[in-house]
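In what follows, a structure is listed as structure tokens, so that the remarks can point back to it.
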Amino acid sequence: MSIVKMLLTDSLLSSVPEPIKRINDTKLSGFHARVGKTQSDKKRKIALYLNYRFGGVKGKQRNYLLGYYGECDLKEVRKEVESLKGRIASGEDVYATKQHALKQQFIEDNSPTIAVLANEFIERDIKVNRKGIDPVIRMFEKDILPFIGNYKLKEITRREIFEKVLDPITDRGAKTQANKTLSILKQMFNFGVERDLIQGNPISTVKKKSVGGLEKSRTRALEFEEVIQVFDRLPKLGISQQVIYALKCITLTGCRPIEVTGAQWQEFDFDKMIWTIPAERVKQNKDGERTHKVPITQNMVILLDELRAAFGYLNSKYVFPSTTTNKSGPGEQPIDRHSLSRSISRKLEQLGVPKFVPHDLRRTVATRLGDADIGADPIVIEKILNHQLQGVQGVYNMQEYMEKRRRTLDKWQFKLVQDRYYTN
């Protein structure tokens, strides 16, 4: 390699003779230029370096890249060299400082976003450990990702989560939904900490009272007269038949809305008069195997016959088929369970009773079965609701009480029919 010692100037560097490979500056020790081969444009690429030893005679030899001639001003480079030499003299390893800055910039440029964390959280946690994933996915698609999805995890702050996600949900009156969103965000950030995607959970100490407010468990159970009034008025309010029948089914059986709306004809055994709700629609842990067996009473048979007569032309496997064609053909999907609550909410004033939601009908069944005229055994009521018995009863009592459940529901349904429950 041909090495020369000359003052580095623009005139010198603009036309370096071919044999020269390195030029050491005569004024600033360690400052030098490394000259590359002639390129296709007949120019030679010249890299500018500061060479120094840090830590004494046996210290580390450093080559600090200052830039490339033609891409930076040589006078400014000389000023930078003087500044760097001053820092080195004061004990700073400027090469290490620069490498650390480059590493931090790389981390900054490649820092994962909330959208990346959310996708990993959904795939590796939500889909693995939850049964009903659709509400969570909707939560991310509607209220979270459009507003903070592009934020880098290292940048997101608690304040921004409040302003862009939680407060807007609360402001639209959906306080319970705001609390649910807070809960899922906490879980997501904790997942990110475990996966080393983020150093800490920015909302770990946020409480529900600061978002949607403290929630009270619903206690609404309709009086018997209210049940009769609701089902007397429903058919006159333009609500779809499927919704009305689904609400009736909840009221006849005490089943959950999701257990009812997803019902399929194959689940009904009319020889044994048992409706078996599969584990995937029964409220329990994701991998739970507990099914729910519901006695088919005479009034349930009437309801099912009416449904088959009304919607048999669809040849649907669903008992409560959707007739809309937004995502698929008529009858290919069941009605959305949320359509029940939407229908009630829209017509609540015309129904003429205090506010209630479909799940309150299930609580109504449990409450009314305990009334004096029916007087059901509390254990039988728990079995009708498919609640797991607690304590010693839960461990040792394996009875299904199927006949007692059937007789209890018969009494309840007979009472409903007597009071024009099926009036259309």
Side-chain angles (χ1 to χ4, degrees), residues 114-115 118 121-122 126 130 132-151 156-189 201-223 226-227 229-230 233-234 237-240 242-244 246-247 250 256-258 260-261 283 322 324 326-327 335-364:
I114 286 179
F121 174 59
I122 290 170
I126 297 300
R130 294 201 180 207
I133 66 172
D134 289 345
V136 176
I137 293 176
R138 280 197 299 270
M139 196 182 301
F140 277 101
E141 292 177 344
K142 179 182 178 182
D143 291 320
I144 299 175
L145 295 182
F147 307 103
I148 60 172
N150 291 329
Y151 274 74
I156 194 68
T157 65
R158 180 184 307 181
R159 182 67 182 170
E160 286 166 329
I161 294 171
F162 265 102
E163 288 183 345
K164 298 183 180 300
V165 177
L166 300 175
D167 286 346
I169 300 174
T170 303
D171 292 345
R172 70 174 188 244
K175 295 182 178 181
T176 299
Q177 185 64 26
N179 285 342
K180 289 180 179 179
T181 305
L182 170 65
S183 177
I184 207 68
L185 282 173
K186 280 186 175 183
Q187 295 173 46
M188 181 190 73
F189 285 122
N201 186 336
I203 54 171
S204 60
T205 60
V206 177
K207 303 292 191 297
K208 287 183 177 180
K209 65 180 180 180
S210 302
V211 182
L214 296 177
E215 299 175 27
K216 295 182 180 179
S217 298
R218 290 189 61 82
T219 58
R220 174 79 163 111
L222 281 69
E223 296 297 330
E226 290 179 319
V227 175
Q229 180 171 316
V230 165
R233 295 186 180 185
L234 275 175
L237 299 177
I239 295 175
S240 72
Q242 300 100 310
V243 168
I244 296 175
L247 293 171
I250 295 170
R256 295 179 175 86
I258 194 172
V260 169
T261 54
K283 186 178 180 181
S322 171
T324 61
N326 291 337
K327 296 181 179 179
I335 60 171
D336 180 1
R337 65 187 175 94
H338 297 292
S339 65
L340 307 187
S341 55
R342 289 194 294 266
S343 296
I344 290 175
S345 178
R346 287 196 296 264
K347 302 296 183 179
L348 193 60
E349 185 175 348
Q350 293 97 314
L351 289 173
V353 299
K355 182 179 179 180
F356 74 98
V357 297
H359 195 83
D360 292 334
L361 294 174
R362 173 176 159 84
R363 187 180 298 104
T364 298

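Side chains are part of it too, since the values below use all heavy atoms of this structure and drop only hydrogens, waters and symmetry mates. Numbers for residues simply follow the sequence, beginning at 1.
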Practice item. Hey, could you give me the OG1/NE2 distance between Thr261 and His338, rounded to the nearest 0.5 Å? Key: 9.0 Å
Revision key, fill the gap. Taking every heavy atom of Gly213 against every heavy atom of Asn179, the minimum-distance pair comes out as O-ND2, 2.8 Å
Practice item. Starting at CD1 of Ile156, measure out to CD1 of Ile148 and round the result to the nearest 0.5 Å. Key: 5.0 Å
**Study point:** Smallest separation among heavy atoms of Pro146 and Phe140, with atom names
**Key:** CD-O, 3.6 Å
**Study point:** Separation between NZ of Lys180 and NZ of Lys175, rounded to the nearest 0.5 Å
**Key:** 15.5 Å
Practice item. Give, for atom CD1 of Ile250 and atom CD1 of Ile258, the distance between the pair rounded to the nearest 0.5 Å. Key: 11.0 Å
Review point. Looking at residues at least two apart in the chain, or sitting in another chain, which of them share a salt bridge (charged side-chain N to carboxylate O under 4.0 Å, His left out) with Arg172?
Key: Asp143
**Study point:** Validation row: Ile144, Met188 side chains within 4.5 angstrom (heavy atoms)
**Key:** no
Practice item. Given side chain to side chain contact (heavy atoms under 4.5 Å, CB included), test Glu226 with Thr364 step by step and report yes or no. Key: CA-CA 10 Å; Glu226 290 179 319; Thr364 298; over 6 Å; no
Check your understanding: Are Ile335 and Leu340 close enough that some pair of their side-chain heavy atoms sits under 4.5 Å apart?
Key -> yes
Exercise for review: Using a 4.5 Å cut-off on heavy atoms from C-beta on, say whether the side chain of Leu234 contacts that of Leu351.
Suggested key: yes
Review point. So, does Arg346 use its side chain to make a donor-acceptor pair with the main chain of Ile239 at under 3.5 Å?
Key: no
**Study point:** Enclosure of Arg159 CZ (heavy-atom neighbours >12, cutoff 6.0 Å)
**Key:** no
Point to revise | Euclidean distance, Leu361 CG relative to Phe356 CZ, rounded to 0.5 Å | key: 5.5 Å
**Study point:** Val206 to Phe162 - nearest heavy-atom pair and separation
**Key:** CG1-CZ, 3.6 Å
Review point. Do any N or O atoms from the side chain of Lys207 and from the backbone of Thr205 form a donor-acceptor pair under 3.5 angstrom?
Key: yes
Point to revise | CG-CG distance between Asp336 and Asp134, expressed to the nearest 0.5 angstrom | key: 9.5 Å
Point to revise | Test side chain to side chain contact (heavy atoms under 4.5 Å, CB included) applied to Gln229 and Leu222, step by step | key: CA-CA 10 Å; Gln229 180 171 316; Leu222 281 69; over 6 Å; no
Point to revise | Sub-4.5 Å side-chain heavy-atom contact between Arg363 and Asp360 | key: yes
Practice item. Evaluate the side-chain proximity of Ile122 to Ile133: yes if any heavy-atom separation is below 4.5 Å, no if none is. Key: no
Exercise for review: Using a cut-off of 6.0 Å, state whether more than 12 heavy atoms not belonging to Asp171 lie near its atom CG.
Suggested key: yes
Point to revise | Val230 side chain near Leu247 side chain, heavy-atom distance below 4.5 Å | key: no
Practice item. Can you see which heavy atom on Val260 is nearest to which on Ala246, and at what distance? Key: CG1-O, 3.7 Å
Study note, to complete from the structure: Applied to residues 347-359, the side-chain hydrogen bond (donor to acceptor under 3.5 Å, both in side chains) test, sequence neighbours excluded, yields none
Check your understanding: Side chain of Ser345, backbone of Ser341: donor and acceptor closer than 3.5 Å?
Key -> no
Check your understanding: Would you say Ile203 and Asn201 make side-chain contact, with heavy atoms under 4.5 Å?
Key -> yes
**Study point:** Atom of Leu348, atom of Val353 and distance for their closest heavy-atom approach
**Key:** CD1-O, 3.9 Å
**Study point:** Heavy-atom pair with the smallest gap, counting every atom of Ile169 and Ala178
**Key:** CG2-N, 3.5 Å
**Study point:** Side-chain heavy atoms of Thr181 within contact of Leu166, under 4.5 Å
**Key:** yes
